[in-house]
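Below are the structure tokens for one structure; questions will follow.
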Amino acid sequence: MSLLDAVTSVLVVHAHPDDETISTGALIASLASRGIRISLVTATRGERGEVVAGPLSVLAGTPALAKERERELERAAFTLGVSEGFWLGEAPARAPGLPARRYRDSGMEWIRPGVAGPAADSDTDALARAPLDEATADLVAILQHVRPSLVISYDETGGYGHPDHVRVHVATIAASRSLGIPFAEILDAPAADADWFDLETQHETVVAALRCHASQLTVDGDSIVHSGGQRDPIRTAIGLRLR
Ligand SMILES: [Zn+2]
């Protein structure tokens, strides 16, 4: 028995292109292979992220980077088996009556050890500075459109404290609760009150989806190498905890 047993459609909410693959790629691929409908909402286009050194580095700091990251996300989502993707702030992931908007990547800096905040020079239209009610209303709109049986997003730390991730957690849990749709948070370690899924069989699919995000990362053996040089293991196991 798991919290996914009776689930027929899932809506996954992430902050930036590549998060869907890095943190939930194996889960999405596994669910999609079982015929479960997967909808993906992405809040920003990762405009402030660094760019992998090489032919794409000319895009850094230009509007073309957002376009490239849209294309990369589209390819990765297709590779994982996502049925439909949406941008937060654009219909149908936009509250009725409001003009479309973009939530921009807030960037991140350490405010004090262990506590991250938006970059001091982040735009006024950055996700972390946008009214929480507005992002929540946009999520309510897409939840009413998709009517998933389960919503999945970050836990309250946002995984590692990125302000956009934390914002997405807060807005998504509020929107899910307002409609009575179950919400599960992503855990990267097993916990007594959570379900744990070992999805190593999805490794190749996750690697293929990771490679779609060529402006953000490279794959080296069993590691993800981020544009800044940090390495992370490729994750194919994930915990989910109902909130
Ligand atoms: Zn992110």
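Counting convention: from 1, in listed order, for ligands and their atoms alike.
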I'd like a table of donor-acceptor pairs (distance under 3.5 Å, sequence neighbours excluded) in which one partner is a side-chain atom from residues 40-53, with atom names and distances.
| from | atom 1 | to | atom 2 | distance (Å) |
| --- | --- | --- | --- | --- |
| Thr44 | OG1 | Ala15 | O | 2.9 |
| Thr44 | OG1 | Gly46 | N | 3.2 |
| Arg45 | NE | Glu70 | OE2 | 2.5 |
| Arg45 | NH2 | Glu90 | OE2 | 2.9 |
| Glu47 | OE1 | Asp105 | N | 2.9 |
| Arg48 | NH2 | Asp121 | OD1 | 2.8 |

Check your understanding: Taking only residues two or more places apart in sequence, or in another chain, which ones meet Val219 in a side chain to side chain contact (heavy atoms under 4.5 Å, CB included)?
Key -> Val207, Leu210, Arg211, Leu217, Ile234
Exercise for review: State, without any angle test, whether Ser227 and Gln216 hold a side-chain donor-acceptor pair at a distance under 3.5 Å.
Suggested key: no
Practice item. Would you list the protein N, O or S atoms within less than 2.8 Å of the Zn ion (ligand 1), leaving out water? Key: His16 ND1, Asp19 OD1, Asp19 OD2, His165 NE2
Revision key, fill the gap. Residue pairs meeting salt bridge (Lys or Arg N to Asp or Glu O under 4.0 Å), one or both in residues 9-35, sequence neighbours left out, come to none
Check your understanding: Side chains of Thr24 and His14: do they bring a donor and an acceptor to under 3.5 Å?
Key -> yes
Check your understanding: Are Gln202 and Thr236 close enough that a side-chain donor and a side-chain acceptor fall under 3.5 Å?
Key -> no
